[in-house]
Student: 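There's a structure below that I have some questions on.
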There are 2 protein chains.
Amino acid sequence: MSGLRERKKVKTRESILREAFRLFRERGYSATTIEQIAEAAEVSRATFFRYFPTKEDLVTLDHFPPLIEALKAQPPAAAPVSALRGAFRTAFAGLSAEEIAAGHAREVFAATVPELVAANLRKSPGLIRQVGEILAARAGCRPDDPRIRNVVGAVLGVVAMTWMRWAQDPAMDGPAEIDRSLAHLESGLNL
Amino acid sequence: MSGLRERKKVKTRESILREAFRLFRERGYSATTIEQIAEAAEVSRATFFRYFPTKEDLVTLDHFPPLIEALKAQPPAAAPVSALRGAFRTAFAGLSAEEIAAGHAREVFAATVPELVAANLRKSPGLIRQVGEILAARAGCRPDDPRIRNVVGAVLGVVAMTWMRWAQDPAMDGPAEIDRSLAHLESGLNL
DNA sequence: TCTCTTATGAGACTGCAGTATCATTTGTGC
DNA sequence: GCACAAATGATACTGCAGTCTCATAAGAGA
């Protein structure tokens, strides 16, 4: 079934993505017009919209790494921060180096440009709540307990900051650094 | 000097803000056009743009509470998280209850709608860096030290989460709750 | 090769944000 | 009341995202 048609579509899609990200890097997200992307990808504007309904769709994360499942599988005795740290570690371990590298540019980008942060926030309204609910169930308290919120906030804040460092230094070992940062948080953020 | 002109300008500005937020609540931020806001505020489109250069300016925080100054004034011996906690406390203490209440709706709104989160992120690229630099100077390490980033990330994450709780429950004492959350972070996030 | 289906390109069109110009109104100082 | 400066309104304009229509090109299957 892998006819010429399908292969061409894949190539076109990849070409659009590649050129779009190149332009984004060169001149920024909002300064890059769809017309420029289409031209660089040697495709008409209309075709661009057939592949990506909106500009945002170029950069939004289709799905987060299976963080939720990994979190559920953590040992019940672990403290909340430890459990989340373990979940991140497990989630990343389930990805091949290629997958991490492939998704890195795109996700890092999405985490760096404000417009895209918003786009992703809009697409994942449940993630924060979901993490909070699991932690609350583990700890035997209500999901809206301030302490649960604090843990989620602190962990996500630390991860976000590390993610941004990763964005600026692609040579960095992102997963390892995230783990190290969470260990730092776990041990009280002392210097 | 408080002539009629000045008072009219203040009234116009308030009218635009009030009608804009009413419409935002009714039909959402991006679904509200500037033309609608201008009409509701009984003002021409041109005048709207004279008061607010962009739509985003309606909702972005003009300036954070004088957090930076408060942070610089913290006792040098305090640990980073403690210093930030103290800075938040001082910054809020410098505001009257009216100022807090007045800014609350607007800021809460800005913290809730994804587009506006992005707008605020774009406007405060320096805040995070600035806080990091001060903390680094206090601790005698480099501003890009991962530990500094972790502290900033964790604190901002905790504050952001508390801020969202505040958004859902306006009766909450926001500043006090932020202080409590930071105390929780300070003491290791244990349950 | 011939037909059918599907992807593409071209171009016009809408809606909205933001800019620019210029005439008109409306406070302000005298 | 008068002359000046400032705020406003009307209007036309640009630029870009996203939609729509229709003609053409190109792969699929016979």
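Since this is a predicted model, take the numbers as computed values, not measurements.
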Student: To the nearest angstrom, how far is Lys11(B) atom NZ from dG27(C) atom P?
Tutor: 12 Å

Student: Report the nucleotide, chosen from dG9(C), dT19(C), dG9(D), that has the shortest atom-to-atom distance to any side-chain atom of Thr47(A).
Tutor: dG9(C)

Student: Just compare dA7(D), dA10(C), dA10(D) and give me whichever is closest to any side-chain atom of Lys9(B).
Tutor: dA7(D)

Student: Check every atom of dC16(D), dG9(D), dA17(C) against the side chain of Thr33(A) and return the nucleotide holding the closest atom.
Tutor: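 Between dC16(D), dG9(D), dA17(C), the one nearest the side chain of Thr33(A) would be dC16(D).
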
Student: Indicate, yes or no, whether a donor-acceptor pair under 3.5 Å links the base of dG9(D) to the side chain of Arg50(B).
Tutor: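 For Arg50(B), whose side chain was compared with the base of dG9(D), there is a donor-acceptor pair (under 3.5 Å).
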
Student: Tell me: CD1 of Ile34(A) to P of dA10(C), nearest whole Å?
Tutor: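 Interatomic distance, CD1 of Ile34(A) to P of dA10(C): 17 Å.
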
Student: Which heavy-atom pair separates Pro143(B) from Glu133(B) by the least distance, and what is that distance?
Tutor: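 So the two residues come closest at CB-CG, 4.1 Å.
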
Student: Do the charged groups of Asp179(B) and Arg85(B) touch, with an N to O distance under 4.0 Å?
Tutor: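 Here Asp179(B) pairs with Arg85(B) in a salt bridge, since their nearest N and O are under 4.0 Å apart.
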
Student: Just the rounded figure in Å: distance from C1' of dG9(C) to CD1 of Ile16(A).
Tutor: 13 Å

Student: Indicate whether any N or O donor in one side chain lies under 3.5 Å from an N or O acceptor in the other, for Glu177(B) and Thr162(B).
Tutor: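 Note: Glu177(B) and Thr162(B) side chains miss the donor-acceptor criterion.
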
Student: To the nearest Å, give me how far apart NZ (Lys8(A)) and C1' (dG9(C)) are.
Tutor: 13 Å

Student: Nearest heavy-atom pair of Ile37(B) and Ala20(B): which atoms, and what distance?
Tutor: CG2-CB, 3.8 Å

Student: To the nearest Å, how far apart are Leu58(B) CG and dA17(C) P?
Tutor: 11 Å

Student: Looking only at N and O atoms, is any donor in the side chain of Arg45(B) or the base of dG18(C) less than 3.5 Å from an acceptor on the other one?
Tutor: yes

Student: When the distance from CZ of Phe49(B) to P of dT21(C) is rounded to whole Å, what number comes out?
Tutor: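 Value for this atom pair: 16 Å.
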
Student: How many Å lie between CD on Glu6(B) and P on dA6(D), as a whole number?
Tutor: 11 Å

Student: Heavy atoms from C-beta onward define the side chain here; which of dT11(D), dG9(C), dT8(C) lies closest to that of Thr12(A)?
Tutor: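 Taking heavy atoms from C-beta onward, the closest nucleotide is dT8(C).
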
Student: Have a look at Tyr51(A) and say if it touches a base, only the backbone sugar-phosphate, or nothing, with a 4.0 Å heavy-atom cut-off.
Tutor: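 If one applies the 4.0 Å heavy-atom cut-off, Tyr51(A) turns out to touch the sugar-phosphate alone, with no base involved.
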
